[in-house]
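I have placed the structure first, in the form of structure tokens, so that the comments after it can refer back to it.
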Amino acid sequence: IQEIPETVAINEPTNEREDDFNSLAKSIKSKALRPFVIISSSYLLFTITDGAIRMIVLLHAYNKSFSALEVAIMFMLYELAGVFTNLAAGFMGAKWGIKVTLIAGLFLQLFSYSLLFGWKDDWDKKTSIIYVTIAQMFAGIAKDLTKLGGKTVTKLVTPEEKDTFLFKLVSLITGWKNSLKGVGYFAGSALLNVSYEAALGVMMGIVALAIPWAVLGLDRDLGTAKKKNASSWREVFAFDNRNLNLLSAARLFLFASRDFWFEVPLPFYLRSPGCAGLGTQLCSIDSDCVRGAICGLEGVCENISVGGGCGGLGLGRTVVGAILGGYIILYGQVQSWTPQIVTGPLNQTPPNKFTEVLWGTMNCLPTLFMCIVMAFAPEFQRHELTAMTRYFIIAIVSFAIIFAINSSIHSFLVVKYAKSDKVAVSIGFYYMSNACGRLFGTIGSGILYTYVGEYMGDYAGANGTAGLAACFLAGTLSSLVAALITTKIDDTEGGLKCGPCILVRERTEGALGDEEET
């Protein structure tokens with residue numbers, strides 16, 4: 001990577017976020033700080049629109065009675081594009097610099113939003129799925145081109161030996177990125193209440209705000225690789241980096257553990273009405289039916305979206321967007337504070353593979369809890385909305401916190417394991433696995449949610465409670481696989497502590513050559 005000018009010494013960071021900013025400002029010359037500010041700001045603005053586009057498409061499709069699997073297919077190219085874009089973005093970043101990938105990502109996001117204006121209400125489902133899937137593909141490409149700059153710039157402005165400071169900086173950027181994505185989730189769903197077109201137009205304006213700074217303020221050579229490191233595809237994609245490869249495989253299953261239930265099944269279930277009375281209960285107005293159902297033309301209650309299933313909470317679009325957005329905001333803030341409030345006090349900073357195995361195993365618990373509760377708890381069988389809501393809040397908040405800690409540790413480990421002279425391409429290879437996991441989880445969730453539950457009739461759709469329980473089980477298994485893969489990484493420096501307690505001692509040059517456990 002193009003070398004940043006020599007920096008003055010960085011003081012040891014404290015536990016306060018203000019000290020992190022002060023340390024950064026004091027330690028990095030303005031020439032290095034400017035690209036950090038421009039790229040990070042552009043990345044954060046872009047992230048709002050990335051969150052919004054998912055909710056706009058998903059909730060608009062729900063009202064058109066698309067099934068969970070059909071909506072998952074709409075996101076298929078969005079996720080699949082990330083698999084190839086992360087590889088290509090790494091190559092582009094190495095060859096032409098971060099400026100090119102960032103600007104390309106911003107313009108592609110504008111193009112994707114402009115295509116969505118063409119989605120017509122009178123199209124049949126097949127035409128709509130094909131068209132929206134292609135439009136979403138460009139959004140997926142845009143996301144991963146832009147993400148490369150946001151993730152890479154932290155490594156470029158941090159001296160090699162400052163792992164603790166790098167962990168805090170990566171956590172800060174990643175956390176605020178996800179918090180603003182949560183704002184996008186809420187904004188996208190709320191703007192739909194104005195109109196579909198208004199939601200698209202506002203988000204295009206936000207993307208446009210970031211473009212001038214990226215065009216005018218960045219050096220075109222920032223982030224380019226040394227010539228010898230871009231001579232072959234094998235070198236560019238760092239297949240010889242065992243730790244990075246294993247972390248990438250773990251990342252695939254870690255993100256599948258979330259997307260098996262979060263991206264499509266959860267909002268569908270939150271929107272869906274209870275199954276009781278659909279197709280049988282007589283009505284004259286919508287309020288005669290259970291929450292989330294409508295009074296149909298035949299004078300009986302029916303599901304507004306039969307493809308979305310039944311058995312859920314029957315919430316409105318804005319409330320669903322607020323719940324998902326709140327999850328992501330909490331997730332992002334925990335990410336940004338992980339070094340200060342979690343791994344720091346537990347003496348797990350900077351983290352290693354043991355830290356991730358510990359938290360990765362804990363990631364199984366909230367989804368396993370919800371799988372059991374939805375399958376066996378009488379509150380779900382009797383469709384008691386208050387009790388169901390309470391269970392969901394407990395599980396969603398718990399998962400957001402634990403998953404955020406895992407993601408923060410992962411984001412640090414990838415830049416730690418990335419070779420400094422190939423950081424852009426190494427991160428691109430790693431986030432290719434991230435996209436694979438999202439694709440795996442999204443398509444798998446659509447299949448499970450649509451087909452696992454019993455079909456309750458033409459006015460109700462499938463039993464969403466059984467479908468979502470299956471999705472939570474798949475997420476639990478994915479978390480477990482991710483933790484098992486992480487155990488194979490060769491990174492034992494510092495062992496594993498939990499406050500004053502030593503759980504795993506650092507590997508020493510003993511006769512056995514293994515970690516000593518206490």
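Note that the structure is predicted; figures quoted are calculated from it, not measured. Position 1 is the first residue of the sequence, and the numbers go up from there.
Residues Ile396 and Trp261 share a closest heavy-atom pair of CG1-CZ3, 4.5 Å. Across all their heavy atoms, Leu266 and Leu468 have their closest contact at N-CD1, 4.3 Å. In this structure, Ala81 and Gly140 approach most closely via the heavy-atom pair CB-C, 4.4 Å. For the residue pair Val290 and Ala276, the shortest heavy atom distance occurs at CG1-O, 3.9 Å. When all heavy atoms of Ala250 and Ile485 are compared, the closest pair comes out as N-CG2, 3.9 Å. Considering all non-hydrogen atoms of both residues, Ala460 and Asn303 come closest at O-ND2, 3.0 Å.
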Original post:
Can you list the steps and then say if Lys64 with His60 is a side chain to side chain contact (heavy atoms under 4.5 Å, CB included)?
Top reply: CA-CA 7 Å; Lys64 292 176 176 291; His60 195 57; 3.2 Å; yes
**OP:** For Ser478 and Ser257, run side-chain hydrogen bond (donor to acceptor under 3.5 Å, both in side chains): C-alpha distance rounded to whole Å, both residues' side-chain angles, the deciding distance at 0.1 Å, then the answer.
**Re:** CA-CA 5 Å; Ser478 291; Ser257 74; over 6 Å; no
Original post:
Given the rule in the side chain to side chain contact (heavy atoms under 4.5 Å, CB included) test, do Leu385 and His383 qualify, once you have shown the distances and angles that lead to the verdict?
Top reply: CA-CA 6 Å; Leu385 293 177; His383 198 247; 3.4 Å; yes
Original post:
Would Thr465 and Gln381 count as a side chain to side chain contact (heavy atoms under 4.5 Å, CB included) if you check the C-alpha gap in whole Å, the side-chain angles of each, and the deciding distance to 0.1 Å?
Top reply: CA-CA 9 Å; Thr465 300; Gln381 297 172 9; over 6 Å; no
Original post:
Which is it for Tyr62 and Ser272 under the side chain to side chain contact (heavy atoms under 4.5 Å, CB included) test, yes or no, and what are the steps along the way?
Top reply: CA-CA 10 Å; Tyr62 181 90; Ser272 69; 3.9 Å; yes
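Residues Tyr131 and Trp119 keep their aromatic ring centres 6.0 Å or farther apart.
A 6.0 Å sphere centred on CZ of Phe117 holds more than 12 heavy atoms belonging to other residues, nucleotides or ligands. Residue Leu297 places its CG atom among 12 or fewer non-hydrogen atoms of other residues, nucleotides or ligands, all under 6.0 Å distant. When the shell of 6.0 Å around CZ of Phe107 is examined, it contains 12 or fewer heavy atoms from other residues, nucleotides or ligands. In this structure, Trp213 places its CH2 atom where only 12 or fewer heavy-atom neighbours from other residues, nucleotides or ligands lie under 6.0 Å away. Within a 6.0 Å sphere centred on CG of Asp458, heavy atoms belonging to other residues, nucleotides or ligands number 12 at most. The environment of OH in Tyr113 is crowded: more than 12 heavy-atom neighbours from other residues, nucleotides or ligands sit within 6.0 Å.
Within the 3.5 Å criterion, the main-chain N or O of Ala135 finds a donor-acceptor partner in the side chain of Ser112. Counting only distance, with no hydrogens or angles, the side chain of Asn363 and the backbone of Trp359 share no donor-acceptor pair below 3.5 Å. Judged by distance alone, the side chain of Asp50 and the main-chain N or O of Phe46 form no donor-acceptor pair under 3.5 Å. When atom types are taken as modelled, the side chain of Lys181 and the backbone of Ile328 share no donor-acceptor pair closer than 3.5 angstrom. The closest donor-acceptor contact from the side chain of Arg251 to the backbone of His410 lies at 3.5 Å or more, if one exists at all. In this structure, the side chain of Thr450 engages the main chain of Leu69 through a donor-acceptor pair within 3.5 Å. No donor-acceptor distance shorter than 3.5 angstrom exists from the side chain of Gln136 to the backbone of Thr133, with no hydrogens or angles considered. In this structure, the side chain of Asp259 does not engage the main chain of Ala256 through any donor-acceptor pair within 3.5 Å. For the pair Tyr391 (side chain) and Glu379 (backbone), a donor-acceptor distance under 3.5 Å is absent. Under the 3.5 Å distance criterion, the side-chain polar atoms of Ser398 are left unmatched by any main-chain donor or acceptor of Ala395.
Of the N and O atoms on the side chains of Asp288 and Ser284, at least one donor lies less than 3.5 Å from an acceptor on the other residue. In this model, no donor atom of one side chain and acceptor atom of the other lie less than 3.5 Å apart for Ser248 and Asn245. For the 3.5 Å distance criterion, the side chains of Tyr78 and Asp144 fail to qualify, holding no donor opposite an acceptor. At a cut-off of 3.5 Å, with distance as the only test, a side-chain donor of Ser179 or Gln333 sits close to an acceptor on the other residue.
Looking at heavy atoms from C-beta onward, Tyr43 lies out of side-chain contact with Leu102 at the 4.5 angstrom threshold. Between Leu439 and Met76 the shortest side-chain heavy-atom distance falls below 4.5 Å. Within the 4.5 Å cutoff, no side-chain heavy atoms of Gln335 are placed close to those of Phe403. In this structure the side chain of Ser114 reaches within 4.5 angstrom of the side chain of Met204, judged on heavy atoms. Within the 4.5 Å cutoff, the side chain of Val132 has heavy atoms near those of the Val57 side chain. The shortest distance between side-chain heavy atoms of Ile402 and Asn406 falls below 4.5 Å. Using a 4.5 Å cut-off on side-chain heavy atoms (C-beta onward), Phe260 and Phe440 make contact. No side-chain heavy atom of Thr101 sits under 4.5 Å from any side-chain heavy atom of Thr146.
Only one option out of Tyr269, Phe399, Tyr327 pairs with Phe392 in a ring pair (Phe, Tyr, Trp, His ring centres under 6.0 Å); it is Tyr269.
In this structure, Arg54 forms a cation-pi arrangement with Phe75, its terminal cationic atom sitting closer than 6.0 Å to the ring centre and no more than 45° off the ring axis. A cation-pi arrangement is present between Lys125 and Phe66, with the terminal nitrogen or guanidinium carbon under 6.0 Å from the aromatic centre and inside a 45° cone about the axis.
One distance of note links CD1 of Ile409 with CG of Leu247; it measures 11.0 Å at 0.5 Å rounding. Here Leu116 contributes atom CG and Phe111 contributes atom CZ; the two are 10.5 Å apart, rounded to the nearest 0.5 Å. In this structure, the separation between CD1 on Ile103 and CD1 on Ile211 is 8.5 Å, given to the nearest 0.5 Å. Separating the CD1 atom in Ile206 from the OG1 atom in Thr47 is a distance of 11.0 Å, to the nearest 0.5 Å. Going from atom CE of Met374 over to atom CZ of Phe380 covers 5.0 Å, rounded to the nearest 0.5 Å. Interatomic distance, CD of Glu197 versus CG of Leu191, reported as 12.0 Å (0.5 Å rounding).
With 2.5 angstrom as the limit on SG-SG distance, Cys289 and Cys295 do not come in below it. Pairing of Cys275 with Cys310 by a disulfide is supported, the SG atoms lying closer than 2.5 Å.
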